[in-house]
Structures are given as structure tokens and as C-alpha cells.
Peer 1: 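Below you'll find the structure I mean.
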Amino acid sequence: MVTIPGVRLLSTDDAVKKLEDLDLVVTVERNTDFPIPLNIASGTDPAEGSEVPVGSEVTLYVA
């Protein structure tokens, strides 16, 4: 099991790397509902702090 790290306000590339370094499969989804600059992470699903099995898919939301 791994714990989903905080990636909010990281660049898309840095957030993807941080998640992939934990052997998670990352899908990037655009979300323009957050008032943050483009290509900055706004969160994940499952949420930060969640424990998931290695190899799980994580959706990374970016502006």
C-alpha cells in the first residue's frame, strides 16, 4: 500500500513524477473550476492521504 501524497500547486510534470515514483498510474484531467494558474495541480482522486495498492490508478486534476 502507498499513501497518496499532496501535489496541490505543483506543476503538472512534478505532480505526475511524484505519483509515478510511488508506482501509481496517473491520468491527467483538466479542471478549470479552480482559480489557479494553468498546468498547476489542484488535487487527486483518490484524495491526498488515501491509502491505495501499488499500481493503482490516480486521477490528477490540473488547471
Peer 1: Grouping I, L, V, M, F, W and Y whenever their side-chain heavy atoms are under 4.5 Å apart, do Val2 and Ile4 come out in a common cluster?
Peer 2: yes

Peer 1: Please report the closest heavy-atom contact between Ile40 and Thr12, naming both atoms and the distance.
Peer 2: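 Heavy atoms of Ile40 and Thr12 come nearest at N-OG1, 4.1 Å.
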
Peer 1: To the closest 0.5 Å, what do you measure between OG1 (Thr59) and CG (Asn31)?
Peer 2: 11.0 Å

Peer 1: Within the side chain of Arg8, is there an N or O that forms a donor-acceptor pair under 3.5 Å with the backbone of Ser42?
Peer 2: yes

Peer 1: Counting only pairs under 3.5 Å, give me each side-chain donor-acceptor contact of residues 14-26, with atom names and distances, residues two or more places apart or in other chains.
Peer 2:
{"from": "Asp14", "atom 1": "OD2", "to": "Ser11", "atom 2": "OG", "distance (Å)": "3.3"}
{"from": "Lys17", "atom 1": "NZ", "to": "Asp21", "atom 2": "OD1", "distance (Å)": "3.4"}
{"from": "Lys17", "atom 1": "NZ", "to": "Asp21", "atom 2": "OD2", "distance (Å)": "2.9"}
{"from": "Lys18", "atom 1": "NZ", "to": "Gly6", "atom 2": "O", "distance (Å)": "3.1"}

Peer 1: Partners of Glu57 by side-chain hydrogen bond (donor to acceptor under 3.5 Å, both in side chains), sequence neighbours excluded?
Peer 2: Thr27

Peer 1: In residues 45-55, what donor-acceptor pairs under 3.5 Å come from side-chain atoms, sequence neighbours left out?
Peer 2:
{"from": "Ser50", "atom 1": "OG", "to": "Ala47", "atom 2": "O", "distance (Å)": "2.8"}

Peer 1: Could you tell me if the side chain of Asn39 sits less than 4.5 Å from the side chain of Arg30, heavy atoms only?
Peer 2: yes

